[in-house]
Each structure stands twice: as C-alpha cells, then as structure tokens.
**Q** 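This is the structure I have questions about; it appears just below.
Note that ligands are numbered from 1 as they come in the structure, with each ligand's atoms numbered from 1 the same way.
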Amino acid sequence: MLLNSYDSWSPLREVVLGSADNYTSHERELSFDLFFHDETPYSRIYYPRHATRGADDTKKRSPIKQRYVEELREDVEQMAEIFTQLNITVHRPLPLDAATGEIRTPVFDATVIPPLNVRDNSIVFGDEIIETPPLVRSRYFETQFLKPVYAEYFRRGARWTVMPRPLMTDASFDLSYVADAAKPGSLIEQVTDPQPSPYDTGFEMMIDGAQCLRLGRDVFVNVSNANHALGFDWLERHLAGRFRVHRLHRLADSHIDSSVLALRPGLLLVRSTDVAEKLPKALRRWDMIFPPEPQDNNFPDYDDDDLVLTSRYIDLNVLSLSPDTVMVNAACPELIQTLEKRGFTVVPVRHRHRRLFGGGLHCFTLDTVREGSAPEDYLED
Ligand SMILES: NC(=[NH2+])NCCC[C@H](N)C(=O)O
C-alpha cells in the first residue's frame, strides 16, 4: 500500500517494527547523558546510574546482560507475530550485524546500536518519510538500516526527505535544559565539560520523531532546547501549506510519547495533570485519560550496574491499532483495566525490559499505513 499516516489512531495496516539483534551495550558520552538525563532522578533514587566519572572516561561502554538482550529479542519477535495474526503488514529494518564496528565521522566515533526504537529517527507526515537529525551520536546512521523499507515506499510513490545532519561536536548541544533542571541540591547530574573541536559551529538542528504528536493537519512538536528549536523551524518551513506546526514548550526533555498520546480525535492519554496543564488550550479541551501511577512491581528488579533509561511511566507508550483498539504492555494491568473501562479493546504484549532499552511499544514502531488517515482538522476553531 502507499505510505499514508497522518495520525496515531486510524486503522493500522502497515508498520515498521524495530530489531533488537546484537544490542550488546550502551555507550555513555555527552549526547547519551543529555538524552537520558530526565530519568536521572529515578535512576539515582532507584538505580544509582551515573557513577562519578574519572577525568579520562569521556566515553564509557555499559554492557547489557545477555539474558536481557535475549528476552528483548523474544518480546520483539513475539510482537511481530501478533501484528501478523492481526493482518497488519510488518516491515523490519536490516538487523545490526555483529561484525559492525564503530562508526567514525570527522568529529566523533561511536558504537552503532540496533534500529530498535524506530519511532525516533524518522517521522511520517502523510505520504512523506522524514529522516530526522539524531540526538545521540551512536544513532547517527540508524536510519541506514531502514533503507530497504523506505526505498520500497519511495518506489510506490512516497516522498522521502532527510533533514540536515549535525556535526555533533560537544558545542553543538544546548545544555540549558539540563542546567535549568539541575538546580542546586537536585538529584539531576550536571552534564558538563564539553570539549572544544575545530568543527565547532554553534548549536545544531537535532530533533526526534518521538517529539511529535500528529493530529491530521496539525502537528505538535516538543521543544526543550535550541537544538529542538532549529528542528522545529525546519519542520514548520518544510511543511508550510500542508500542515500547521505548533510548538509545545518543555513537556519533557525530548520525547513526549510517554507523556501524551492521542487515542482518537478528542481523546488523549496523558501522564499526569501536570503534563495536561502544559498542553495548549486547543488540546486541553480534549477529553483525557490519566493512567494510575505505575507500580514498582510492574518492572523487573535490576542491579546497580544496569543502566535504567526510562521513567516508570514508560508503559504509557502504547500503540493504537484503531480508534478503539490499543496495544499495551501486558506488565501494566492497571493501564489495561483503565482503558478497558473506557471501552477500548486492549491487545496485551509482553515487553519486559522497556526500562533498559529506552522505549516501549510506540517507540518500537513506525506506523506507515493507517487506513483512511488524512490531513483532517481535528482542532476546534
Ligand atoms: N520513542 C521513545 N524512545 N520514547 C521513549 C520516551 C521515554 C521517556 N523518556 C520516559 O522515560 O518515560
């Protein structure tokens, strides 16, 4: 079918599902610590994550226990089977080959991670795939693994665009969000000591697809720093005449798909009333479902050397299969019951280690064909 996806609720007919093959480690360096910093308070309280660094380790490999990688693969492949049983066509990226070494650019080298959270480095606006400028260095070439899928949609007539690529020197990153959040005495660690580079060119455009909420003709984009603001400007200019692009201000550090999701026109799934109050008036008019507070026993216990990369709200990261059917993590019964009480059909999916790999069911997927999805105006005038 032709690429066609303007919203997150129309009946899902085709989807890209990420791959967990060979996810062996995380690589902590400035861009990684910036990207995952919102969860530091949880990590420091529940899982001491950021060990105090020595002066020399500006880059630190953090191995992932093989059992967790294998269980992640089991969960992802089971999700693929569920899509197939539901007659939803599943496209998969090229799996990361174990022999793939580090990548090197004129500015940095980094370890490649698998194309698991495919929601992040691409956005689908109607009949256009846009590859976004990554926030994390190890993800710089992640959309390369999606080339066969995107090329096939292009052959079928889709538009295919790549946003300007950043150099990603340390000076490229706007640290203001972390600095503002790390008030004296807070648990959030400062991300400091950016190193000078001959390629410094000031703040650069960096933004992820998971910062966007697509509502037909209207797109809401979370902007938390100068990098995102440049990405917002590019999207606004590029989409002018086709979409109305609205700015959300610091709803989260970057991704908002465990803060707010649209389940159908007029109905949002929202993390908390605090998040709801930050939404623009047009969205505050919509009905909202607030899930129960996550329970610690919804999550496996991890060791202190396991990097916990998400908040406890990660299971809000659901995937709508239609305006009344939602894929939810089977380990979150409270959310399942809440949605069922609101008349939704829930498809439970096992995803055990969502906190270790930085994403849930919505993160793992990119909805490429939604039947009847169109650039409708869902916002009251
Ligand atoms: N598309 C994604 N990878 N989104 C994941 C967002 C997770 C969010 N930072 C949290 O910890 O709850």
**Q** Check the side chains of Asp208 and Ser254 for a donor-acceptor pair under 3.5 angstrom, ignoring hydrogens and angles.
**A**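 On atom types as modelled, these side chains do not qualify, holding no pair under 3.5 Å.
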**Q** Salt bridge or not between Glu71 and Arg350? Use side-chain N to carboxylate O under 4.0 Å.
**A**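 Salt bridge: no.
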**Q** Could you check whether Arg119 pairs with Asp257 (Lys NZ or Arg NE/NH1/NH2 to Asp/Glu carboxylate O, under 4.0 Å)?
**A**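 So Arg119 does not pair with Asp257 through a salt bridge.
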**Q** Below 4.0 angstrom from a heavy atom of Gly358, which ligand 1 atoms are there? Numbered from 1 as shown, please.
**A**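 Every atom of ligand 1 under 4.0 Å from some heavy atom of Gly358: 3 (N), 5 (C).
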**Q** Would you call Asp377 and Arg217 a salt bridge, using N to O less than 4.0 angstrom?
**A**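 No, no charged N to carboxylate O under 4.0 Å.
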**Q** Determine, using the 4.5 Å side-chain heavy-atom cutoff (strictly less than), whether Val15 and Met1 are members of one ILVMFWY cluster.
**A**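 The answer is no; the residues belong to distinct hydrophobic clusters.
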**Q** Taking only heavy atoms of Ser311 into account, list the atoms of ligand 1 that are under 4.0 Å away from them.
**A**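 Matching atoms, with element in brackets: 10 (C), 11 (O), 12 (O).
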**Q** Is Arg312 touching ligand 1 with its side chain, its backbone, both, or neither, if touching means heavy atoms under 4.0 Å apart?
**A**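 For Arg312, there is no contact with ligand 1 at all, from either part.
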**Q** Do NZ/NE/NH1/NH2 and the carboxylate oxygens of Asp287 and Arg342 come within less than 4.0 Å?
**A**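 Here Asp287 pairs with Arg342 in a salt bridge, since their nearest N and O are under 4.0 Å apart.
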**Q** Is it true that Glu70 and Arg67 have a side-chain N and a carboxylate O under 4.0 angstrom from each other?
**A**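 Answer for the salt bridge query: no.
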**Q** Taking a cutoff of less than 4.0 Å between a non-hydrogen atom of the residue and any ligand atom, is Arg354 in contact with ligand 1?
**A**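 Contact check Arg354 vs ligand 1: negative.
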**Q** With a 4.0 Å cut-off on N to O distance, would you call Arg247 and Glu236 a salt bridge?
**A**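 Salt bridge between Arg247 and Glu236, a charged N being under 4.0 Å from a carboxylate O: no.
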**Q** Counting only heavy atoms, tell me which of Ser258, Cys363, Ala210 gets closest to atom 5 (C) of ligand 1.
**A**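 Nearest heavy atom to atom 5 (C) of ligand 1 lies in Cys363.
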**Q** List ligand 1 atoms under 4.0 Å from Ile314, heavy atoms only on the residue side.
**A**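 Near Ile314, meaning under 4.0 Å from one of its heavy atoms, ligand 1 has 7 (C).
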**Q** What about Asp120: any of its N or O atoms under 3.5 Å from an N or O on ligand 1?
**A**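 Yes, since at least one N or O of Asp120 sits under 3.5 Å from an N or O of ligand 1.
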**Q** Which atoms from ligand 1 have a heavy atom of Asp257 less than 4.0 Å away?
**A**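 Those qualifying, in numeric order: 1 (N), 2 (C), 4 (N), 5 (C), 6 (C).
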**Q** N/O to N/O below 3.5 Å, does that happen between His255 and ligand 1?
**A**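 N/O-N/O distance below 3.5 Å exists for this pair.
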**Q** Does any N or O of ligand 1 fall below 3.5 Å from an N or O anywhere on Thr310, backbone included?
**A**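 No, Thr310 has no N/O under 3.5 Å of an N/O on ligand 1.
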**Q** For ligand 1, note which part of Asp208 has a heavy atom under 4.0 Å away: side chain, backbone, both or neither.
**A**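 For Asp208, there is no contact with ligand 1 at all, from either part.
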